[in-house]
Protein chains: 2
Amino acid sequence: MIRFRVDWRSGVPPYQQIAQQVRQALRMGVLDVGDQLPSVREVVAAAVVNANTVLKAYRDLEREGLVEARAGQGTFVRARPPGPPPGTHSRLGRALASWVRQARAAGLDDEAIESLLRVTLQAPAEEDIA
Amino acid sequence: MIRFRVDWRSGVPPYQQIAQQVRQALRMGVLDVGDQLPSVREVVAAAVVNANTVLKAYRDLEREGLVEARAGQGTFVRARPPGPPPGTHSRLGRALASWVRQARAAGLDDEAIESLLRVTLQAPAEEDIA
DNA sequence: CATACTGTCTTAGCAGCCTAAGACAGTGGA
DNA sequence: TCCACTGTCTTAGGCTGCTAAGACAGTATG
């Protein structure tokens, strides 16, 4: 059963973080069609967030067609998001992990690493900074 | 002169985005000690955000000792944030750009890429998903 | 039927952040 | 001195998101 992790310092709304963690688990193959998501009350009991917040995240995922809520039973994965299969993510993930090790060895902290990625992603579009 | 870019869909408060872009420019060497930041009114005129929002970002940077505000003159870079020199970031940035090209060629969009990094950064600490 | 799960909705309130417009103060040059 | 720039602060309002507690409905099981 997937377990959620909320970063309160990031400024990103918790309901968005939960939804995104589900999407990523689907892309990575950690979750698959038919799997059950933790019940709203389980997430609340884990002291992550309020019931309404979990509900909002699950509703977003339902609107995207990724999950399906059945009253009395739970919330289940209905489909996989568009994109490459899990194997592709695993392969790329290993390469990225190797790069992260280098970056950390060079003295970059997580914030510097994330900023570097953000710059890299925007780079080809336009000059982003300066 | 550095130019700011605000992503309104990210959920991250604009004042945090501005402050972070300055920090990253310092790490990358795009900004250096003595350089001037755009005036509050310039940023406002660029239709990025409100004056109070810019002020909040600059105040955060001042509290960190990175910049110094001088009434009547402007806001100037005072020091470089701790961490490796700009050259290190450039080198790592090129390697990362190469990886990003592979990921995009494999069909990953920006959200998938960012999620993959987030998972990778948390991975060694604890099992983050599942 | 009774119980214990499940998802769902309501109400009320609070906090953070952004906006708008204006006003004040310090600095430097004509 | 006057003007144009700079940072700074105030007031007032609004929007979004989170919290709390409770209540209702659907489903499965004994």
Side-chain angles (χ1 to χ4, degrees), chain A residues 1-22 31 33-79, chain B residues 1-22 31 33-79:
Chain A
M1 183 72 73
I2 186 174
R3 256 187 46 211
F4 300 117
R5 192 171 295 276
V6 174
D7 178 11
W8 297 93
R9 307 178 313 167
S10 69
V12 180
Y15 83 92
Q16 280 185 22
Q17 293 186 38
I18 291 176
Q20 198 168 35
Q21 281 171 35
V22 172
L31 277 180
V33 175
D35 285 355
Q36 181 170 8
L37 266 54
S39 79
V40 172
R41 286 173 179 78
E42 273 176 0
V43 179
V44 172
V48 179
V49 281
N50 181 273
N52 294 310
T53 303
V54 181
L55 193 61
K56 192 165 188 178
Y58 282 12
R59 268 169 114 37
D60 280 6
L61 293 169
E62 202 169 13
R63 231 177 295 139
E64 298 168 26
L66 297 181
V67 306
E68 181 182 13
R70 308 180 202 144
Q73 299 187 52
T75 305
F76 300 84
V77 174
R78 190 181 188 182
Chain B
M1 183 74 74
I2 186 174
R3 256 186 47 211
F4 299 117
R5 192 171 296 277
V6 174
D7 179 11
W8 297 93
R9 308 179 313 169
S10 70
V12 180
Y15 82 92
Q16 280 185 23
Q17 293 187 37
I18 291 176
Q20 198 169 34
Q21 282 171 35
V22 172
L31 276 182
V33 175
D35 285 355
Q36 181 169 9
L37 266 54
S39 79
V40 172
R41 286 171 178 81
E42 273 176 359
V43 178
V44 172
V48 178
V49 282
N50 182 274
N52 293 311
T53 304
V54 182
L55 194 60
K56 193 166 188 177
Y58 282 11
R59 266 170 115 41
D60 281 6
L61 294 169
E62 201 168 14
R63 229 178 296 139
E64 298 167 26
L66 297 181
V67 305
E68 181 183 13
R70 308 183 201 140
Q73 300 186 49
T75 305
F76 300 83
V77 174
R78 191 181 189 182

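Every chain is numbered from 1, with letters handed out A, B, ... down the list of sequences. These figures come from a predicted structure and were not determined experimentally.
Remark: B/Tyr15 is not in phosphate contact with C/dC18, judged by side-chain N or O atoms under 4.0 Å from OP1 or OP2.
At a non-hydrogen distance threshold of 4.0 Å, B/Asn50, B/Asn52, B/Thr53, B/Lys56 from residues 50-58 of chain B come into contact with DNA chain C.
Shown here for A/Gly65 and A/Ala79, the closest heavy-atom pair between the two residues is O-CB, 3.8 Å. Of all heavy-atom pairs between B/Gln17 and B/Arg5, the closest is OE1-O, 3.9 Å. Between A/Tyr15 and A/Thr53, the closest heavy-atom pair is CB-O, 3.6 Å. Taking both residues in full, the closest heavy atoms of B/Val33 and B/Arg78 are given as CG1-O, 3.7 Å, listed atom of the first, atom of the second, then distance.
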*For B/Ile18 and B/Val49, run side-chain contact (heavy atoms from CB on, under 4.5 Å): C-alpha distance rounded to whole Å, both residues' side-chain angles, the deciding distance at 0.1 Å, then the answer.*
CA-CA 10 Å; B/Ile18 291 176; B/Val49 282; 3.9 Å; yes
*Classify every nucleotide of nucleotides 25-30 of chain C by which part a protein heavy atom approaches to under 4.0 Å, writing B for the base, S for the sugar-phosphate alone and - for neither, in 5'-to-3' order.*
-BSS--
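Considering only side-chain atoms of B/Pro13, the nucleotide from C/dC17, C/dT6, C/dT19 that sits closest is C/dC17.
Of the listed residues (B/Val43, B/Val77, B/Val54), just one forms a side-chain contact (heavy atoms from CB on, under 4.5 Å) with B/Leu37, and that residue is B/Val77.
Chain B approaches DNA chain D within less than 4.0 angstrom (heavy atoms of the protein), and the contacting nucleotides run 5' to 3' from D/dT6 to D/dT10.
The OG1 atom of A/Thr75 sits 12.5 Å away from atom CG of A/Leu66, with the distance rounded to the nearest 0.5 Å. Between the CD atom in A/Gln16 and the OG atom in B/Ser10 there is a gap of 8.0 Å [rounded to 0.5 Å].
Rounding to whole angstrom units, CD of residue A/Gln36 and P of C/dC5 are separated by 14 Å.
With a 4.5 Å cut-off on side-chain heavy atoms, B/Leu31 and B/Val22 count as touching.
The backbone N or O of A/Gly74 lies less than 3.5 Å from no partner atom in the side chain of A/Gln36, so there is not a single donor-acceptor pair.
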